[in-house]
Amino acid sequence: MTGRIARVRGNDYRTLRPEPGFTPELTVSVVVPAYGGQDKLDLVLAALARQTYPAELTEVIVVDNGSEPPLRLPEAAPKGARLIRCPEPGRAAARNAGLAEATGEVIHWLDSDVVLTPGAIEAHMRWHHTAPYLVVTGYIRFTEAEPPAELPDDLEAHFEPAEPHTWIVDLVERTGGLTDNPQRPFSLHVGGATSVHARLVAAAGPMDDDLVLGQDTEMGYRLSQAGAVFVPEPAARAYHLGPTMRMRDKPAIDRVSHAFVADRVPAYRWLRGHPGRQWKVPYVTAVVDGTAGYDEVRASVDALLAATVPDLSVLVVGPWDTLRRERRAPLRDPALDLVLVEGHYRYDGRVRLAAAEDVDPAVPYVLRLPAGWVPEEDSLARLLDLARDEGLGLVNVLLSESAEGVVAARLERLSAFARARLVAGPGEDLDDVVDEVSGVSWVDGETYGFAAEAAAPPLGRRSAYRARAEAQAEAARLAKENERLRAQVSKWKEEAGRWRKSAVELRREVGGLRRELAAANRAAQQSLRTVVSTTMRRALRRPRD
């Protein structure tokens, strides 16, 4: 790839358009950690030898993770395949050992029980030739067929029927192929058959071998933070020989995995429901200039610590290592404000004093807040909602504007800035590139609750508890009153029903009486006519004098 690096907005990789007839140029290292299972490994290596991607551009590294008896390379293995040994137990350690030996421009993770179809690696590499920041995952099908002694020519005929990787298929389908602003596209990074550009791996770092389980997901998260775009590729097909450990015992696997992953992957918000916990990687880090004055710094930091987002750390930047406290005349110390800031926050677990800005790259969001500006308790949460819902890489908060210039706070999504740095050309403004790959927005500080000074002291935990208890009691009272009114309305409806029934019966009685009265009137009129007629006939019969 030469010239301008292709740019993807969010995770919408559809703009890359890989060409079927591309010219292979990139080298790929296939890293296969293995523990026992020589019969399956033989099939995996035989399938690698059949790949359509050029063999001279493919490096295969098998890592024996302490197997007894030791593993060996079969005759059917690709030419030049290497076998190394890693005595330290664990798949993460084995993959890292293979990674340390890899020389390819792309790293292809492959489990030792996953048999690739012949065009699988080529399907992966077609994408990697379009951009240097992709993570590509193939489609694995799980077969219960007995592993053959030799790899059959027709894999489908032997291994089908097989079951798809339902979880990945569902994730891809419900997110438009991971293009509809998915919140956690890194979940696609599974080690069975996934390839990653080596430049991304170098930025994100190797697998975390402190984790018991969940290493794939945690590394996928760090790759996302490094600027990765995640691509599902249906043409990169493979067969998993038998079910995975997760398929066999998912609840137990999740129980163990979540206990460790929660500390390292802030994007899994449902694992961080506790209102007071601190985590290894916070969801957001706020950066405040510690040299701006004690009162200003304290106003901003204290407001941040009282925010409705407890999953937060505050980095106060200042020359803390230069402080020499004045003991005889402390009030005349020229660095008194710095001394006060340092003394006030030295032992706060959520505040870190640093001489230079060194935010953990695994933190999803960074808020840069000018000292002296005070957000309301829910201001940060509202900004985070805006950035997440609209997929923004930067939200600028206009605090004030005057002839001297503009004062603004900034909420930055680190993964968007990492992507921007990957694709930015010489001299390009990084914010402009972030706008192109993720989106930038300006909002009014007053609208989002930012002020030059605190309007009211932060609501303490006890006060918040009491307010919540009172609100719950009031909600319970209103719910009870609502039920009472509902019952009264039901009673009124029943009475109204009875009244309507009585009215209907009365109308029927009145109607009957009216009919009887009409009949009586008709009978009376008939009798009267009869009497008149008889009287007249009699009168006519009388002789006249």
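Count residues from 1 along the sequence. Bear in mind that the values here come from a model prediction, so they are computed numbers and not experimental data.
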[X] versus [Y]: any side-chain heavy-atom pair under 4.5 Å?
{"X": "L312", "Y": "Y283", "result": "no"}
{"X": "E101", "Y": "R82", "result": "yes"}
{"X": "L99", "Y": "P206", "result": "yes"}
{"X": "T194", "Y": "M219", "result": "no"}
{"X": "H158", "Y": "P148", "result": "yes"}
{"X": "V231", "Y": "V135", "result": "no"}
{"X": "L394", "Y": "D431", "result": "yes"}
{"X": "E412", "Y": "Y365", "result": "no"}

Result of checking [options] against [X] for side-chain contact (heavy atoms from CB on, under 4.5 Å):
{"X": "L304", "options": "P375, S379, S313", "value": "P375"}
{"X": "L384", "options": "L367, V395, D389, L411", "value": "L411"}
{"X": "L134", "options": "L16, L200, L223", "value": "L16"}

[X] side chain to [Y] main-chain N or O, any donor-acceptor pair under 3.5 Å?
{"X": "E59", "Y": "V30", "value": "no"}
{"X": "R410", "Y": "N396", "value": "no"}
{"X": "D263", "Y": "K280", "value": "yes"}
{"X": "S415", "Y": "G227", "value": "no"}
{"X": "R50", "Y": "L45", "value": "no"}
{"X": "N65", "Y": "C86", "value": "yes"}
{"X": "S224", "Y": "G220", "value": "no"}
{"X": "R269", "Y": "P266", "value": "yes"}
{"X": "T143", "Y": "A145", "value": "yes"}
{"X": "Q215", "Y": "L211", "value": "yes"}

Checklist line | Shortest non-hydrogen separation from A162 to R141 and the atoms involved | finding: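 Result for this residue pair: O-NH2, 2.6 Å.
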Margin query: For F142 and H165, I'd like to know if the aromatic rings sit close, meaning centre-to-centre distance below 6.0 Å.
Written below: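 Between F142 and H165, the centre distance is under 6.0 Å.
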Note to self: Tell me if the centroids of the rings in Y268 and F186 come within less than 6.0 Å of each other.
What the structure shows: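 Centroid separation for Y268 and F186: below 6.0 Å.
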Check: What's the verdict on side chain to side chain contact (heavy atoms under 4.5 Å, CB included) for T137 and H189, showing C-alpha distance, side-chain angles and the deciding distance?
Finding: CA-CA 7 Å; T137 293; H189 182 264; 5.5 Å; no
Note to self: Is there a salt bridge (Lys or Arg N to Asp or Glu O under 4.0 Å) between K40 and D113? Walk through the geometry before answering.
What the structure shows: CA-CA 6 Å; K40 293 182 179 180; D113 51 4; 5.1 Å; no
Next item on the list: Please report the C-alpha distance between W167 and V172 in whole Å, then the side-chain angles of each, then the deciding distance to 0.1 Å, and finally whether the side chain to side chain contact (heavy atoms under 4.5 Å, CB included) criterion is met.
Entry: CA-CA 9 Å; W167 183 85; V172 171; over 6 Å; no
